[in-house]
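Single-structure report; data block below.
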Amino acid sequence: MAYLTTIKTAIAIFPCLVLLFTLPFIIFQYHKYGSINFFRALIIYSFVLYLLTMYFLVILPLPKITEVVARPRMIRLIPLTFIKDFLNETSFVLGKSSTYIKALLEPCFYTVVFNLFMTVPFGMYLRYYFKCNLKKTIIYSFFLSLFFELTQLSRLYFIYPYQYRVFDVDDLIINTLGGMIGYFVMGIIKPMLPTREEIDKESLRKSKVVSGLRRIITFEFDCFLYLLIFIFLSIFIKTKKLFLITFIIYYILIPCITKGYTLGSKFLNVRLEYLKNRLINSTFRIVFLFCYYFLTPYTIFKITFLSTRHISTSITIYVYLLILIGVLIFYFINVIFLLKNKTMFYDKYFKVLYISTLEAQEKEEEKI
C-alpha cells in the first residue's frame with residue numbers, strides 16, 4: 001500500500017515537473033532535430049516520470065524530524081546479507097514445501113524482488129534510447145543505486161538529524177543486477193520497436209518544413225534572449241533609449257549581418273529569407289510584429305484605464321476582465337492559425353520565408 005501511495009504522489013507531482021521541463025526540451029529538440037517526434041517525447045517523458053517515481057520510492061514516506069532518532073544497524077556493508085535474512089526471518093523451511101509460497105509473500109523476500117525490478121526499466125531505457133552497451137549499463141545502474149544509497153546515508157541531504165533509511169550494500173548489488181536484466185530484456189523487445197536512428201531520420205525529415213510550433217518557439221526564444229540582453233546592458237548603460245537601441249541591434253542589425261538570423265533562430269536552425277529588399281522588409285516586419293502583438297493590446301489597456309478612471313471599481317473590473325479575455329482570444333486565434341497553416345497573413349506582405357537550415361548544416365558537417 002505504501003508503494004502505491006508513493007507512485008500516486010510521483011504522478012501527482014509530475015505535471016509540475018513537466019511545466020519546468022517542457023520548454024527546454026522543445027528548444028533542444030528543435031536545435032538538434034528540427035522537429036518534435038511524438039515517440040521520442042513519449043520515451044523522454046516516461047523516463048523522467050520513471051526516475052521521479054524511483055526517487056520518491058527511495059525517500060518516501062518522510063517521517064517527522066522529531067520522530068527520527070539514532071538507531072543501530074543503519075549501515076550494512078556485508079554483501080548478500082539478504083540471503084541470511086531470508087533464511088532467518090521468514091517462515092521458509094527447506095524441507096517443507098508448504099512454507100515456500102508463504103515465504104515468498106513476506107516482506108523480507110518481496111522487498112528484495114522489488115529492489116531488483118525497480119531498475120529493470122532503467123537498463124531497458126539505457127540500451128534502447130541511450131544506446132548503452134552492457135558495460136555502460138552496469139556502470140550507470142550502479143551509480144544510480146549509489147546515488148540513492150548516499151541520499152539515505154546523507155540523512156536526505158542533512159535535513160534529518162539521523163538516518164531514517166538503511167544504507168545497504170545489497171541494494172547496490174540488486175539494483176545493478178536489475179539494470180543488467182533490463183538490458184537483456186530490451187534485447188528481446190528492441191526488434192519490435194523503431195530504432196533510435198529511425199526516430200532521428202523521421203525527425204530530420206519533418207524538420208525540412210518549419211512548423212507553426214517551431215515559429216512560435218523561435219519567437220518566444222528570441223523575446224527571452226532580447227530581454228536577457230537588455231537586462232544585462234541596463235546594468236552598465238544608463239539611458240532611456242536602451243530598450244529601443246537593444247531592439248534595433250537584436251532584431252534589425254544582427255539579422256542583416258547574419259543574412260536572416262537572430263540569435264534565437266540561429267540556435268533553432270531557422271533563417272528568415274526575404275525575397276525582396278531585406279533591410280526594408282525586415283525592419284518594417286519587426287516593427288509591425290511589435291505593434292501587432294504588443295503595442296496594440298497595451299494601447300487598448302491604456303485607453304481603457306484612462307477612460308474608466310472615474311467609473312466605479314466594480315464596473316472597471318468587469319471591463320478589464322472583458323478586454324483581457326478579448327486579448328487572450330486574439331492570441332489564441334493567432335496561435336491556432338499559425339499551427340494549422342504554418343504561415344501568417346503578414347508573411348506575404350513582407351515577402352518572407354522561414355527556411356530550415358538543419359539539413360544544410362548537417363551536410364556541411366559530414367563534408368568536414
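- The ring pair (Phe, Tyr, Trp, His ring centres under 6.0 Å) search around Phe25 returns Phe21, Tyr45, not counting sequence neighbours.
- In this pair, Tyr157 and Tyr55 present their aromatic rings parallel. The plane angle is below 30°, not in the 30 to 60° band.
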With a cut-off of 3.5 Å and sequence neighbours excluded, list every side-chain donor-acceptor pair involving residues 236-246.
| residue | atom | partner | partner atom | Å |
| --- | --- | --- | --- | --- |
| Lys238 | NZ | Ser234 | O | 3.0 |
| Thr239 | OG1 | Lys241 | N | 3.3 |
| Thr246 | OG1 | Leu242 | O | 2.7 |

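- Taking the six-membered ring for Trp and thresholds of 30 and 60 degrees, Tyr346 and Tyr293 have ring planes more than 60 degrees apart, a perpendicular arrangement.
- The minimum heavy-atom distance linking Gly212 with Lys342 is given by the pair N-CG, 4.0 Å.
- When ring centroids are compared, Tyr251 and Tyr226 come within the 6.0 Å threshold.
- Arg155 forms no cation-pi arrangement with Tyr164, by the criterion of a distance under 6.0 Å to the ring centre and an angle within 45° of the ring axis.
- The nearest pair of heavy atoms linking Thr262 to Pro255 is CG2-CG, 3.8 Å.
- Using a 30° and 60° split on the angle between ring planes, Tyr292 and Phe288 fall in the parallel class, below 30°.
- Under the 4.5 Å side-chain heavy-atom criterion for ILVMFWY residues, no single connected hydrophobic cluster contains both Phe28 and Ile26.
- Listed by chain and number, the hydrophobic cluster partners of Leu275 are Leu353, Ile355, where partners are ILVMFWY side chains within reach of under 4.5 Å, directly or through others.
- Every side-chain contact (heavy atoms from CB on, under 4.5 Å) that Tyr183 has, sequence neighbours left out, goes to Arg127, Leu134, Thr137.
- Here side-chain hydrogen bond (donor to acceptor under 3.5 Å, both in side chains) pairs that include residues 277-289, with residues two or more places apart or in two chains, are Arg285-Tyr354.
- Aromatic ring pairs are classed by plane angle as parallel below 30°, tilted from 30° to 60° and perpendicular above 60°; the pair Phe39 and Tyr128 is perpendicular.
- Under the side chain to side chain donor-acceptor pair (under 3.5 Å) test applied with Ser356, the options Arg214, Arg271, Lys208 reduce to a single match, Arg214.
- Across Leu268 and Ile27, no two heavy atoms sit closer than the pair CD2-O, 3.4 Å.
- Taking a 4.5 Å side-chain heavy-atom cut-off between Ile, Leu, Val, Met, Phe, Trp and Tyr, the cluster of Phe332 extends to Ile336.
- Across Cys291 and Pro297, no two heavy atoms sit closer than the pair O-CD, 4.4 Å.
- Separation of the Tyr129 and Phe47 ring centroids does not fall under the 6.0 Å cut-off.
- Gln163 and Arg165 get closest at one heavy-atom pair: NE2-O, 3.0 Å.
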